[in-house]
Colleague: 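Below is one structure. I have some questions about it.
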Amino acid sequence: MNPERCRAVYAALEAAYGPQGWWPAQTPFEVMVGAVLTQNTAWTNVERALARLTGRIALTAEAILALDEADLADALRPSGYFNIKARRLRSFCEGFLAGGGLPGLGALDTAPLRQHLLAIPGVGPETADDMLLYAFARPVFVVDAYTRRVFTRLRLLRGDEGYETIRAAFETALGADVPLFNAYHALIVRHGKEVCRKHPRCDCCCLRGGCPAGHEQGAALRVKASLHS
DNA sequence: TACCAGGAGAAAA
DNA sequence: TTTTCTCATGGT
């Protein structure tokens with residue numbers, strides 16, 4: 001990843017959409033719970049599930065583990081995959097407590113902390129990196145489906161690279177910068193929602209030469225204009 | 001109606 | 001080792 005190009009994309013996104021104020025949560029633990037619940041799920045549905053959950057219990061690992069798994073699944077119903085997520089949230093809480101909770105985990109260096117999170121069933125690379133960046137403020141770049149899609153259309157990725165390859169590409173290009181990683185990932189998600197979800201099969205806004213289907217509009221067009229001017 | 005969403009893990013090839 | 005399938009509600 002060309003560093004100048006990588007920063008130019010960030011600048012274009014920041015100019016088009018402004019600060020996103022991520023992660024939308026009150027506490028680090030809430031960030032981590034949200035990271036599990038948002039797996040392949042729209043955030044609006046996660047909010048419903050979180051509201052149902054906090055309406056029944058305090059948002060702590062102990063309280064979640066004290067809840068019957070069927071009741072936990074019922075609370076998580078609006079976020080989809082509720083049976084799987086109930087199991088994953090419980091296993092996460094167990095791993096969270098086994099690691100000494102926030103103080104214990106926070107005392108670990110980034111690499112062992114990432115390893116600990118990845119060893120928890122239901123916590124994959126993206127979920128672990130969400131937690132590292134947004135709950136523990138570690139310089140880890142979060143790669144998601146939007147990242148792959150937007151940067152593939154920008155011709156800055158081929159599209160078939162593995163997760164770790166893409167993560168390393170961003171971290172090398174940008175250097176360890178928590179506030180930048182935080183804002184950049186949020187902007188990629190924002191941009192992906194603005195454009196690519198509406199027209200998933202075209203190169204809307206992200207290609208030189210314009211969208212063949214005529215889908216360019218609004219902030220997406222401004223991003224493109226600033227990138228290719 | 002059909003498709004997609006801030007993935008992960010198991011099963012099959 | 002790589003690809004495919006499963007999990008599921010809610011919005012567009």
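Each chain gets a letter, A, B and so on, in the order the sequences are listed, and its residues count up from 1. Everything numeric in this text was worked out from a predicted model, so none of it was measured.
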Colleague: Closest to the A:Ile84 side chain: C:dG10, B:dA5, C:dC7?
Modeller: C:dC7
Colleague: Using a 4.0 Å heavy-atom cut-off across all strands, classify A:Val46 as base, sugar-phosphate, or nothing.
Modeller: nothing
Colleague: Over how many whole Å does the gap from A:Trp43 atom CH2 to C:dG11 atom P extend?
Modeller: 16 Å
Colleague: Starting at atom CG of A:Leu76, determine the distance to atom C1' of B:dG7, rounded to an integer number of angstrom.
Modeller: 16 Å
Colleague: What is the distance, rounded to the nearest whole Å, between atom OH of A:Tyr163 and atom P of B:dG7?
Modeller: 10 Å
Colleague: Specify the separation, in whole Å, of atom CE of A:Met131 and atom C1' of B:dG7.
Modeller: 12 Å
Colleague: Looking only at side-chain atoms of A:Arg48, point me to the closest of B:dA5, C:dG11, B:dG9.
Modeller: C:dG11
Colleague: Can you find a heavy atom in the side chain of A:Val140 that is under 4.5 Å from one in the side chain of A:Glu171?
Modeller: yes
Colleague: Could you check whether A:Asn45 gets within reach of a base, just the sugar-phosphate, or nothing at all, counting any heavy atom under 4.0 Å?
Modeller: base
Colleague: P atom, B:dA10 versus C:dA8: distance in rounded Å?
Modeller: 15 Å
Colleague: Nearest whole angstrom, please: distance from the C1' of C:dC7 to the CZ of A:Arg77.
Modeller: 13 Å
Colleague: For A:Ser79 and C:dA8, is the shortest distance between a side-chain N/O and OP1 or OP2 below 4.0 Å?
Modeller: no
Colleague: Would you say the side-chain atoms of A:Thr147 and A:Asp144 include a donor-acceptor pair closer than 3.5 Å?
Modeller: yes
Colleague: Name the residue from A:Tyr17, A:Tyr184, A:Tyr10 that meets the ring pair (Phe, Tyr, Trp, His ring centres under 6.0 Å) definition with A:His191.
Modeller: A:Tyr17
Colleague: Which nucleotide in the list C:dT9, B:dA8, B:dA5 gets nearest to the side chain of A:Phe82?
Modeller: C:dT9
Colleague: Hey, can you pull the donor-acceptor pairs under 3.5 Å for the side chains in residues 98-116 of chain A, sequence neighbours left out?
Modeller:
from, atom 1, to, atom 2, distance (Å)
A:Thr110, OG1, A:Arg138, NH1, 3.1
A:Arg114, NE, A:Asp129, OD1, 2.7
A:Arg114, NH1, A:Glu164, OE2, 3.3
A:Arg114, NH2, A:Asp129, OD1, 3.3
A:Arg114, NH2, A:Asp129, OD2, 3.0
A:Arg114, NH2, A:Glu164, OE2, 2.9
A:His116, NE2, A:Gly95, O, 2.9

Colleague: Please report the interatomic distance CZ(A:Arg167) to OG1(A:Thr172), rounded to the nearest 0.5 Å.
Modeller: 10.0 Å
Colleague: Can you work out whether A:Arg88 or A:Thr44 has the more 5'-proximal nearest nucleotide on DNA chain C?
Modeller: A:Arg88
Colleague: To the nearest Å, give me how far apart CZ (A:Arg87) and C1' (B:dG9) are.
Modeller: 10 Å
Colleague: May I ask you to say what A:Asp130 touches in the nucleic acid, namely base, sugar-phosphate or nothing, with a heavy-atom cut-off under 4.0 Å?
Modeller: nothing
Colleague: Just the rounded figure in Å: distance from P of B:dG9 to CD of A:Glu126.
Modeller: 12 Å
Colleague: Round to the nearest Å and state the distance from A:Glu164 atom CD to B:dA8 atom P.
Modeller: 11 Å
Colleague: Starting at the 5' end of DNA chain B, which residue's closest nucleotide do you reach first, A:Ile120 or A:Asp144?
Modeller: A:Asp144
